[in-house]
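Everything on this sheet refers to the single structure shown next.
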Amino acid sequence: MADTRDMWRCQVVNCGYIYDPDRGDKRHKIPAGTKFEDLPDDWRCPVCGATKKTFRRVSES
């Protein structure tokens with residue numbers, strides 16, 4: 001599991017999906033090791049379909 005500073009949580013109500021770069025996103029064929037910042041601009045949450053703009057870093061410290 002990645003450091004929480006590298007994880008991003010979807011802020012949509014009732015979602016809470018966490019993008020973990022160590023796991024990637026199999027649904028969208030994003031390989032493990034892909035940083036959130038390197039996801040394509042049109043990538044969407046695999047749970048609710050929200051855009052990258054709705055995600056916030058899990059931990060700032």
Only distances under 3.5 Å count here; give the side-chain donor-acceptor pairs of residues 13-22 to other protein atoms, sequence neighbours excluded, each with its distance to 0.1 Å.
| residue | atom | partner | partner atom | Å |
| --- | --- | --- | --- | --- |
| Tyr19 | OH | Thr34 | O | 2.6 |
| Asp20 | OD1 | Ala2 | N | 3.4 |
| Asp20 | OD1 | Asp22 | N | 2.9 |
| Asp22 | OD2 | Ala2 | N | 2.8 |

query: Under 4.5 Å between side-chain heavy atoms, hopping through other hydrophobics if needed: is there a path connecting Met7 to Leu39?
result: no
query: How close do Lys52 and Glu37 get, heavy atom to heavy atom, and via which atoms?
result: NZ-O, 3.9 Å
Hydrophobic cluster identity match, Val47 and Trp43, side-chain contacts under 4.5 Å: yes
- prompt: Are there more than 12 heavy atoms of other residues, nucleotides or ligands under 6.0 Å from atom CG of Asp38?
  reply: yes
message: How long is the straight-line distance from CD1 of Ile30 back to CZ of Arg27, given to the nearest 0.5 Å?
response: 12.5 Å
- prompt: How far does CZ of Arg44 sit from NE2 of His28, to the nearest 0.5 angstrom?
  reply: 9.0 Å
message: Just so I know, are the side chains of Asp3 and Ser59 near enough to count as touching, which here means a heavy-atom distance under 4.5 Å?
response: no
query: Does a side-chain heavy-atom distance below 4.5 Å link Gln11 with Arg9?
result: yes
- request: Classify the angle between the aromatic ring planes of Phe36 and Phe55 as parallel (below 30°), tilted (30 to 60°) or perpendicular (above 60°).
  value: tilted
